[in-house]
Amino acid sequence: MEAHGSGLRRVLVFGFCVFGIWAAYIYQGVLQETLSTKRFGPDGDRFEHLAFLNLAQNVVCLIWSYIMLKLWSSSNAGGAPMWTYWSAGITNTIGPAMGIEALKYISYPAQVLAKSSKMIPVMLMGTLVYGKRYSFPEYVCTLLVAGGVSIFALLKTSSKTISKLAHPNAPLGYGLCFLNLAFDGFTNATQDSITARYPKTSAWEIMLGMNLWGTIYNMIYMFGWPHGSGFEAVQFCKLHPEAAWDILLYCLCGAVGQNFIFLTISRFGSLANTTITTTRKFVSIVVSSVLSGNPLSTKQWGSVFMVFSGLSYHIYHKWRKSQRAPKKRKPM
């Protein structure tokens with residue numbers, strides 16, 4: 001009975017994590033798309049300063065992680081010093097800014113698909129720079145994802161969707177997304193290096209360090225000179241409180257979502273987290289298509305399924321490898 005109770009509790013916690021990640025990030029995606037396409041006020045003004053979302057997100061997550069550390073962390077002895085995050089903070093500032101700016105040029109579903117192809121630059125760098133060899137299933141996954149994204153990019157976007165974009169420009173939009181992935185790769189590698197050097201570093205400390213440097217860099221970029229874009233963003237929010245409210249909700253969704261991601265990784269591992277976040281991206285595309293009133297064509301849905309088939313197969317392949325690994329170690 002006790003084992004059954006603990007198993008049920010584990011299932012309930014997992015369901016809670018799935019619901020938390022889906023709810024936070026799907027709604028954040030809706031807000032992101034709204035802020036990038038909506039016209040505010042009687043004059044129909046657009047919120048052009050999308051990079052301001054990153055600064056607001058950094059500030060909220062910085063405060064959130066500081067509170068969590070004070071509430072839950074008994075001691076931070078042995079954790080990474082705050083200065084070690086300065087380089088990762090640069091790429092973590094530039095990369096997401098490019099991803100958000102891409103929404104001026106391509107639709108939200110296109111942005112989600114492009115950012116889902118993270119394995120492509122990873123495998124290219126691994127093959128070309130480090131001479132790494134990958135298995136046949138990994139190449140199949142990459143080809144499915146690359147093919148799906150390429151087909152989606154080449155298909156004609158509806159005129160209604162294009163009319164909502166601030167500056168339609170597909171090559172520039174996709175280019176910004178892939179640069180975002182490249183910077184994210186450096187950020188992840190640097191974070192791995194930090195946790196390897198300082199094993200006692202907690203997730204909250206990483207969140208605090210990354211958002212501290214992100215806040216510093218974004219403040220310099222947006223408010224470092226008299227006519228910085230940050231002043232214009234603040235003025236826009238004063239004129240359009242509705243936009244300010246959307247930005248606040250966007251930041252809170254990000255902070256809550258990070259909490260659920262940390263909980264998922266700590267309880268169920270990174271593979272479970274990858275599965276949840278990947279399915280969330282697919283649901284986000286469905287929600288965007290329904291709520292925005294811009295349904296995707298049959299061919300576009302085909303390319304979407306192609307991308308997520310590749311991602312799903314990649315997750316399954318990683319799960320099979322993780323299942324086989326213990327069996328190989330037993331004879332030793």
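Note that the structure is predicted; figures quoted are calculated from it, not measured.
- T279 places a side-chain N or O within donor-acceptor distance of the main-chain N or O of I276, the cut-off being under 3.5 Å.
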> What do the steps show when you test V234 against F223 for side-chain contact (heavy atoms from CB on, under 4.5 Å), and what is the final call?
Replying inline: CA-CA 10 Å; V234 171; F223 295 97; 4.0 Å; yes
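- Among pairs with a residue in residues 239-255, those fulfilling salt bridge (charged side-chain N to carboxylate O under 4.0 Å, His left out) read K38-E242, at least two apart in sequence or across chains.
- Inspection of the T190 and S87 side chains reveals no N or O donor paired with an N or O acceptor under 3.5 Å.
- No more than 12 heavy-atom neighbours from other residues, nucleotides or ligands sit within 6.0 angstrom of OH on Y27.
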> Can F40 and F47 be said to form a ring pair (Phe, Tyr, Trp, His ring centres under 6.0 Å), step by step?
Replying inline: CA-CA 8 Å; F40 295 90; F47 183 70; 7.4 Å; no
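- Checked by atom type and distance alone, the side chain of W213 pairs as donor or acceptor with a backbone atom of M82 at under 3.5 Å.
- With sequence neighbours left out, F260 forms a ring-ring contact (aromatic ring centres under 6.0 Å, His included) with F16.
- In this structure, H317 and Y313 have tilted ring planes: the angle between them lies in the 30° to 60° band.
- Separation of the W204 and Y66 ring centroids does not fall under the 6.0 Å cut-off.
- You'll find the ring centres of F282 and F305 inside the 6.0 Å limit.
- Checked against the 6.0 Å centroid criterion, the rings of H240 and F236 qualify as a close aromatic pair.
- Relative ring orientation between Y105 and H167 is described as tilted, the plane-to-plane angle lying within the 30° to 60° band.
- Under the ring-ring contact (aromatic ring centres under 6.0 Å, His included) criterion, no residue pair touches residues 136-157, with sequence neighbours excluded.
- At distances below 3.5 Å, not a single donor-acceptor pair connects side-chain atoms of T278 with backbone N or O atoms of T275.
- Looking at Q258 and Q57, their side chains never bring a donor and an acceptor atom within 3.5 Å of each other.
- N92 contributes no side-chain N or O that, together with a main-chain N or O of A88, makes up a donor-acceptor pair within less than 3.5 Å.
- Grouping the Ile, Leu, Val, Met, Phe, Trp and Tyr side chains by contacts below 4.5 angstrom, directly or via other members, places V112 with I21.
- Put simply, the side chain of R10 reaches to within 4.5 Å of the side chain of F268, judged on heavy atoms.
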> Would T91 and T187 count as a side chain to side chain donor-acceptor pair (under 3.5 Å) if you check the C-alpha gap in whole Å, the side-chain angles of each, and the deciding distance to 0.1 Å?
Replying inline: CA-CA 6 Å; T91 52; T187 301; 2.7 Å; yes
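- Looking at I26 and V283, their side chains come closer than 4.5 Å, going by heavy atoms from C-beta outward.
- Proximity of a side-chain donor or acceptor of T84 to a complementary backbone N or O of A80 within less than 3.5 Å is not detected.
- A255 pairs by the side-chain contact (heavy atoms from CB on, under 4.5 Å) definition with V60, C61, W64, not counting sequence neighbours.
- For the pair Q111 (side chain) and G99 (backbone), a donor-acceptor distance under 3.5 Å is present.
- Side chains of S202 and E205: a donor-acceptor N/O pair is present below 3.5 angstrom, by distance only.
- One N or O on the side chain of E138 and one on the backbone of S135 form a donor-acceptor pair closer than 3.5 Å.
- The shortest distance between side-chain heavy atoms of F52 and S229 does not fall below 4.5 Å.
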>> Does L113 form a side-chain contact (heavy atoms from CB on, under 4.5 Å) with F308? I'd like the steps, not just the answer.
In response: CA-CA 9 Å; L113 274 189; F308 284 95; 3.8 Å; yes
>> Between Q32 and S36, does the side-chain contact (heavy atoms from CB on, under 4.5 Å) criterion hold? Intermediate values first, please.
In response: CA-CA 6 Å; Q32 190 180 70; S36 64; 5.7 Å; no
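- Every salt bridge (charged side-chain N to carboxylate O under 4.0 Å, His left out) that E101 has, sequence neighbours left out, goes to K104.
- Listed by chain and residue number, L155, S303, M306 satisfy the side-chain contact (heavy atoms from CB on, under 4.5 Å) test with I151 (two or more places apart in sequence, or in another chain).
- For the atom pair N58 CG and Y217 OH, the distance stands at 11.5 Å (nearest 0.5 Å).
- No donor-acceptor distance shorter than 3.5 angstrom exists from the side chain of N180 to the backbone of L176, with no hydrogens or angles considered.
- Annotation: side chain of Q28 is not in contact with side chain of L249 (no heavy-atom distance under 4.5 Å).
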